Novice: 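Quick one: this structure, given as structure tokens, is what I'll be asking you about.
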Amino acid sequence: MSVEEARFMWLFCFFDLPVKMKEERRAATRFRNYLLGDGFNMLQYSVYVRVVRDQDGADKHMARLTRNMPRKGSVRALIVTERQYARMKTLLGEKKAHEKPAGDQLLLL
């Protein structure tokens, strides 16, 4: 499949993990490190996102995500198309230097 034929999609991972106990904090850190190692980028704290080439890529990373979930807490995943991702709005109280509109993400591809 060529780049022109690829249908890029975005895989979001949202999680709410307990961090009261030392072992829970370790599990949460391990999970965040797993996400970063698997190509996810932190969009917000507890919200990570990565681009995938097509539905098969999304399914592959979804299976990995499921295998690496912490035992406690909740994790949600959402797959959106490139077009839907581009329509995301960033609402900021005060604009931060590192925040860019979602449309700029296309330049990374």
Side-chain angles (χ1 to χ4, degrees):
M1 178 185 303
S2 69
V3 173
E4 295 85 27
E5 296 172 359
R7 185 169 178 224
F8 292 103
M9 305 175 96
W10 291 84
L11 174 58
F12 283 82
C13 176
F14 312 90
F15 57 88
D16 186 16
L17 303 176
V19 290
K20 288 183 180 175
M21 308 292 289
K22 188 173 184 177
E23 184 53 38
E24 293 172 339
R25 287 191 294 275
R26 279 190 191 150
T29 299
R30 219 177 0 254
F31 185 64
R32 282 192 297 272
N33 287 336
Y34 156 73
L35 290 172
L36 294 172
D38 197 39
F40 282 82
N41 292 303
M42 188 172 79
L43 194 59
Q44 289 184 223
Y45 192 74
S46 298
V47 179
Y48 286 68
V49 63
R50 74 157 287 143
V51 67
V52 293
R53 192 176 179 105
D54 53 19
Q55 185 63 49
D56 289 342
D59 293 342
K60 177 181 77 175
H61 287 282
M62 188 75 81
R64 286 184 190 170
L65 191 62
T66 302
R67 284 194 305 268
N68 286 282
M69 280 181 35
R71 290 184 319 149
K72 296 180 180 177
S74 65
V75 177
R76 289 175 172 77
L78 174 69
I79 300 169
V80 299
T81 64
E82 181 70 29
R83 177 180 278 183
Q84 291 168 324
Y85 184 81
R87 293 175 57 191
M88 180 171 55
K89 304 289 183 204
T90 303
L91 307 174
L92 302 170
E94 288 185 29
K95 190 170 186 171
K96 297 177 182 172
H98 70 279
E99 292 283 349
K100 295 180 181 176
D104 290 350
Q105 295 291 326
L106 297 173
L107 298 175
L108 297 174
L109 302 174

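Residues: numbered from 1 along the sequence shown. Note: hydrogens, waters and symmetry copies are ignored here, and every other heavy atom, side chains too, is used. As the structure is a prediction and not an experimental result, all values here were calculated from the model.
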Novice: Sequence neighbours excluded, which residues qualify as salt bridge (charged side-chain N to carboxylate O under 4.0 Å, His left out) partners of Glu23?
Specialist: Arg26, Arg30
Novice: What is the distance from atom CG of Leu35 to atom NE2 of His61, rounded to the nearest 0.5 Å?
Specialist: 11.5 Å
Novice: Is the shortest side-chain heavy-atom distance between Gln84 and Trp10 below 4.5 Å?
Specialist: no
Novice: Honestly curious: do Met62 and Phe31 fall in one hydrophobic cluster under the side-chain, below-4.5 Å linking rule?
Specialist: yes
Novice: Rounded at 0.5 Å granularity, tell me how far OH in Tyr34 sits from SG in Cys13.
Specialist: 8.5 Å
Novice: State which residues pass ring pair (Phe, Tyr, Trp, His ring centres under 6.0 Å) with Phe12; sequence neighbours excluded, sorted by chain then number.
Specialist: Phe14, Tyr85
Novice: Hydrophobic cluster membership, with links at side-chain heavy-atom distances under 4.5 Å among I/L/V/M/F/W/Y: are Tyr48 and Met9 in one?
Specialist: yes
Novice: Output yes when a side-chain donor or acceptor of Arg25 lies under 3.5 Å from a complementary backbone atom of Lys20, and no otherwise.
Specialist: yes
Novice: Are Leu65 and Met42 linked, directly or through intermediate hydrophobic residues, by side-chain heavy-atom contacts shorter than 4.5 Å (ILVMFWY only)?
Specialist: yes
Novice: Please set out all donor-acceptor pairs under 3.5 angstrom arising from side-chain atoms of residues 67-79, sequence neighbours excluded.
Specialist:
from: Asn68; atom 1: ND2; to: Arg64; atom 2: O; distance (Å): 2.8
from: Ser74; atom 1: OG; to: Arg76; atom 2: NH1; distance (Å): 3.4

Novice: Would you say that Glu24 contacts Leu17 through its side chain, given a criterion of any heavy-atom pair below 4.5 Å between the two side chains?
Specialist: no
Novice: Would a hydrophobic clustering, with Ile, Leu, Val, Met, Phe, Trp and Tyr connected at side-chain separations under 4.5 Å, put Val47 with Met88?
Specialist: yes
Novice: How long is the span from the CG atom in Leu11 to the CZ atom in Phe40, to the nearest 0.5 Å?
Specialist: 4.0 Å
